[in-house]
Peer 1: 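Mind looking over this structure? Questions follow.
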Amino acid sequence: VSFATSKISECARLALAHDAPVVLQYGPSGGYPPLRAHIAQSLGVHESQVIIGQGSLQLLDSLIRVMLSPGDVVFIEEPTYDRTLTLFRRAGANVVGIPLQPDGPDLDLINLHLQQGVRPKLFYVIPDFQNPSGVVMSAQKRQALVDLARKYGFQIVEDSPYRLLRFHGSDLPSIFSMAPDLVIHMSSYSKLIAPGLRVGWMASPTSTMQALLKFCEDTYINPSYFNQALVLEFIQQGWLEENISILKELYRPRLEAMLASLSENMEPPAVWSKPDGGFFVSLELNKPVQVPELFTRAKQAGLILTDGRGFFASGKGDSFIRLPFCALEPAEISEGIARLAKII
Ligand SMILES: Cc1ncc(COP(=O)(O)O)c(C=O)c1O
């Protein structure tokens with residue numbers, strides 16, 4: 001189990017000891033001010049440009065409600081995070097999927113859409129160890145997206161909860177750092193401390209943020225300051241960095257086991273991503289499979305799969321399998337992949 005339970009318990013005690021009157025009271029919708037200031041400082045922006053919410057997904061939902069009207073075009077990578085697709089669909093957006101290549105979304109296709117007059121309001125991307133594919137967007141594509149956003153007047157939503165979980169190699173600049181006036185950046189403590197704390201955040205240009213803060217205040221007054229104060233204590237104790245190192249040590253052998261057993265068991269021309277971090281490897285089969293039958297057989301073999309079609313706006317995805325590696329021991333991963341290969 002990866003949760004630092006006793007440290008979290010100590011942080012809960014410290015949060016109340018240090019700031020009970022604020023932590024237990026209502027407050028502004030932007031979040032617990034000292035944590036907000038900490039996040040703003042780490043990004044090099046003013047704290048009025050940061051909002052902390054009950055997880056980053058809730059903030060994305062609020063952002064979508066503030067920014068999109070039914071029929072508005074949004075670009076997404078295809079595949080993408082299935083919950084985001086649900087949020088866009090719920091808002092009545094016209095979702096255009098841009099196929100993901102091993103170094104990020106297909107720029108030729110983006111250019112084609114734009115040249116044909118398609119005008120997205122938002123482009124939602126997960127550039128670091130993407131959910132569900134594991135892909136990292138190259139520095140060139142990050143820059144190209146910024147240039148296109150500037151030229152055609154759309155905003156980029158950069159969702160980056162896995163960014164700090166890099167096991168090898170070095171970080172690429174965040175898209176936000178390249179164009180803070182065009183990019184809405186979101187991240188979370190869910191994967192770094194514990195998802196049950198529900199502490200995620202978003203940074204955006206001021207004009208968007210004002211509307212977002214008002215919308216959130218009208219919806220839920222303020223997010224739980226207690227959880228946020230607990231997270232700040234965790235950071236101030238030096239435990240966040242320590243925890244990230246512990247998680248990397250825990251997950252790295254799991255990723256290695258996943259990649260090794262794919263090489264051992266999967267027959268080409270099936271291809272899979274080879275990420276340097278995050279939670280996911282993805283497998284692209286050389287032909288579509290009968291998804292219901294795959295599921296039935298996988299279940300009989302004791303494997304739980306997510307329907308690949310849920311990650312595609314177009315409902316494609318019947319040759320796509322997401323392979324999360326973080327929650328299983330290396331031996332379980334090897335065994336699971338061997339069983340999956342037989343079924344396929
Ligand atoms: C890409 C992505 N965005 C957002 C989330 C949700 O994060 P949070 O727990 O902060 O709501 C997840 C969780 O799996 C995710 O993979």
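Order of appearance sets the numbers: ligands from 1, and atoms from 1 within every ligand. On a predicted model such as this, the values are computed, not experimentally measured, just so you know.
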Peer 1: Any salt bridge linking Lys7 with Glu10? Criterion: basic side-chain nitrogen under 4.0 Å from a carboxylate oxygen.
Peer 2: no
Peer 1: What is the closest protein heavy atom to atom 1 (C) of ligand 1, and at what distance does it sit?
Peer 2: Asp159 OD2, 3.3 Å
Peer 1: Where is the nearest protein heavy atom to atom 7 (O) of ligand 1: which residue, which atom, and how far?
Peer 2: Ser56 OG, 3.3 Å
Peer 1: Could you report the tightest heavy-atom contact between Leu294 and Ile344, atom names first, then the distance?
Peer 2: CD1-CG1, 4.3 Å
Peer 1: Taking the inter-plane angle between the rings of Phe176 and His185 on a 0 to 90° scale, is it parallel (under 30°), tilted (30 to 60°) or perpendicular (over 60°)?
Peer 2: tilted
Peer 1: Considering only heavy atoms of Ile126, which atoms of ligand 1 have at least one such atom less than 4.0 Å away?
Peer 2: 1 (C)
Peer 1: Looking at ligand 1, is there an atom of it that comes within less than 4.0 Å of some heavy atom belonging to Pro161?
Peer 2: yes
Peer 1: May I ask you to say whether Arg83 pairs ionically with Asp61, meaning some side-chain N is under 4.0 Å from a carboxylate O?
Peer 2: no
Peer 1: Could you tell me whether Ser190 approaches ligand 1 through its side chain, its backbone, both or neither, with non-hydrogen atoms closer than 4.0 Å?
Peer 2: side chain
Peer 1: Mind telling me whether Phe75 and Phe123 have parallel, tilted or perpendicular rings, with 30° and 60° as the class edges?
Peer 2: perpendicular
Peer 1: Any idea which protein heavy atom is nearest atom 6 (C) of ligand 1, and the distance to it?
Peer 2: Tyr81 OH, 3.7 Å
Peer 1: Show the nearest heavy-atom pair for residues Ser69 and Asp72, with the distance to one decimal.
Peer 2: N-OD2, 2.7 Å
Peer 1: If we set the cut-off at 4.0 Å for heavy atoms, which region of Tyr162 has an atom near ligand 1: side chain, backbone, both, or neither?
Peer 2: side chain
Peer 1: Could you tell me which non-hydrogen atom of Ile244 sits nearest to which non-hydrogen atom of Leu164, and how far apart they are?
Peer 2: CG2-O, 3.7 Å
Peer 1: Any idea which part of Arg198 is under 4.0 Å from ligand 1, heavy-atom wise: side chain, backbone, both or neither?
Peer 2: side chain
Peer 1: With respect to Ser187, determine whether any N or O atom, backbone or side chain, lies less than 3.5 Å from an N or O atom of ligand 1.
Peer 2: no
Peer 1: For ligand 1, is there an N or O atom under 3.5 Å from any N or O atom of Leu57?
Peer 2: yes
Peer 1: Are side-chain N/O atoms of Asp19 and Tyr225 paired as donor and acceptor at under 3.5 Å?
Peer 2: no
Peer 1: Hey, is Lys191 touching ligand 1 through its side chain, its backbone, both or neither, going by heavy atoms under 4.0 Å?
Peer 2: side chain
